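Structure first, then comments.
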2 protein chains.
Amino acid sequence: MDNKALLHKHGLRITDTRLAVLSLLQNSSKALSQSDVERSLPQQADRVTLFRVLQAFEDAGLAHKVMDAHGVARYASCAPTCSTEQHQDSHAHFHCTQCGDVYCLEDVELPKVKVPKGFKQQESHLEVEGRCAACA
Amino acid sequence: MDNKALLHKHGLRITDTRLAVLSLLQNSSKALSQSDVERSLPQQADRVTLFRVLQAFEDAGLAHKVMDAHGVARYASCAPTCSTEQHQDSHAHFHCTQCGDVYCLEDVELPKVKVPKGFKQQESHLEVEGRCAACA
DNA sequence: CAATATTTGCAACCGACTTGCAAATAATGC
DNA sequence: GCATTATTTGCAAGTCGGTTGCAAATATTG
């Protein structure tokens with residue numbers, strides 16, 4: 001399925017910016033921040049637009065958001081099984097504490113955890129911190 | 001050991017603000033953001049001072065920092081075994097995606113993870129997301 | 001109590017995030 | 001293809017957390 005169909009399937013209108021951001025995410029090995037996207041985008045687009053595009057992707061289940069070590073949001077394209085209702089996101093992430101880059105790691109089996117009474121568990125991920133190859 | 005001695009042991013001068021922030025962290029079941037601290041502090045203190053106090057605590061191994069679901073730094077007092085060189089922080093945290101509160105969970109055994117060549121692993125923690133009792 | 005090193009408060013700045021609103025544009029039906 | 005409608009975009013502007021430089025206040029030491 002091409003990306004136009006993918007956008008349509010998730011109820012989003014097809015625009016140049018959305019198509020470009022979507023392929024950017026799909027072709028990246030790392031999770032990208034909004035300013036990463038802004039810098040790498042072939043065309044130029046307003047920051048607010050990029051903010052809303054990424055937000056729309058997350059809401060639509062096209063991307064998920066992960067906070068980097070500096071508290072900045074980064075986005076990575078979702079597995080095809082993600083939907084609006086249920087993000088499939090139980091993998092592990094590596095966070096470089098120096099440059100802030102976030103990498104998806106191989107899937108690992110996460111331990112089950114007890115939460116206090118009344119708490120609702122949704123998803124969980126393992127966060128590994130350290131230095132990436134470039135910063136180590 | 002009282003908190004004055006604790007500060008001294010970690011190489012920090014004893015000030016009213018530091019003592020107050022330290023007990024605040026020790027008596028909280030949740031990790032506190034800088035503005036949480038500012039609001040809960042019996043005395044008033046400049047936000048820059050609180051920023052630096054929390055930063056000093058982290059550097060000294062008196063508190064650790066964890067990012068909440070909104071990318072805001074939150075601090076929790078360290079186990080007595082923490083030091084400047086090595087934070088003991090392999091437990092799990094619960095992040096409420098609505099109010100942003102962060103709770104420490106019981107210790108769990110974390111799975112070992114392979115990281116790409118050249119990457120240096122430092123610490124890792126399990127992040128469980130969902131809604132806390134108040135928000136669910 | 002004096003000398004010194006640290007800590008504090010203030011002003012000020014940065015970057016990420018966010019909203020309201022009007023203009024531009026994609027989708028829909030004819 | 002064209003008009004209508006609902007969405008998306010860009011701009012202005014504001015919020016908030018994080019951060020630094022510097023001078024005044026304060027803790028420690030002898």
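Letters go in sequence order (proteins before strands), and every chain restarts at 1. In this text the structure is predicted, and so the values were computed from the model without any measurement.
For the pair R52(A) CZ and dC21(C) C1', the interatomic distance rounds to 10 Å; values are reported in whole Å. At whole-Å resolution of the value, NE2 in H70(A) and C1' in dC17(C) are 17 Å apart. In this structure, H8(A) places its NE2 atom 17 Å from P of dA6(D), rounding to the nearest Å. We find that CD of E38(B) is positioned 14 Å from P of dT8(C), with the value rounded to whole Å. Rounded to whole Å, the distance from CG on D46(B) to P on dA23(D) is 17 Å. At whole-Å resolution of the value, CG in L54(B) and C1' in dT19(D) are 14 Å apart. Regarding L19(B), its CG atom lies at a distance of 16 Å from the P atom of dT26(D), rounded to whole Å. Spacing between atom CZ of F57(A) and atom P of dT8(D) amounts to 11 Å, rounded to whole angstrom units.
If you find the closest nucleotide of DNA chain D to D16(B) and to Q55(B), the one lying nearer the 5' end belongs to Q55(B). Each of L12(A) and A45(B) has a nearest nucleotide on DNA chain C; the 5'-most of these lies closest to A45(B).
For T49(A) and dG10(D), the shortest distance from a side-chain N or O to OP1 or OP2 is below 4.0 Å. Distances shorter than 4.0 Å separate some side-chain N or O of T15(B) from OP1 or OP2 on dT8(C). A sub-4.0 Å separation between OP1 or OP2 of dA6(D) and a side-chain N or O of R13(A) is absent.
Within 6.0 Å of the CD atom in Q44(A), the count of heavy atoms belonging to other residues, nucleotides or ligands does not exceed 12.
Taking only side-chain atoms of I14(A), from C-beta outward, the nucleotide of dT20(D), dT9(D), dA27(C) with the closest atom is dA27(C). Listed nucleotides dT28(D), dT7(C), dG10(D) differ in distance to R18(B); the shortest reach to its side chain belongs to dT7(C). Candidate nucleotides dT20(D), dT8(C), dT28(D) were compared by shortest atom distance to the side chain of T17(B), and dT8(C) ranks first.
Taking each heavy atom of S29(A) and Y103(A) in turn, the nearest pair found is O-CD2, 4.3 Å. Residues R131(A) and C96(A) share a closest heavy-atom pair of CA-SG, 3.9 Å. Between S77(A) and H64(A), the shortest heavy-atom contact is O-NE2, 4.2 Å.
Side-chain contact between E129(A) and H125(B) is present, with heavy atoms from C-beta onward closer than 4.5 Å. Counting heavy atoms from C-beta outward, Q34(A) and Y75(A) have side chains that stay 4.5 Å or more apart. Side-chain atoms of V53(B) and V37(B), non-hydrogen and from C-beta on, never get closer than 4.5 Å to each other.
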Tabulated below should be each protein N or O lying under 3.5 Å from an N or O of nucleotides 14-18 of chain D; please produce it.
{"from": "dG18(D)", "atom 1": "OP1", "to": "A73(B)", "atom 2": "N", "distance (Å)": "3.0"}
{"from": "dG18(D)", "atom 1": "N7", "to": "R47(B)", "atom 2": "NH1", "distance (Å)": "3.2"}
{"from": "dG18(D)", "atom 1": "O6", "to": "R47(B)", "atom 2": "NH2", "distance (Å)": "2.2"}

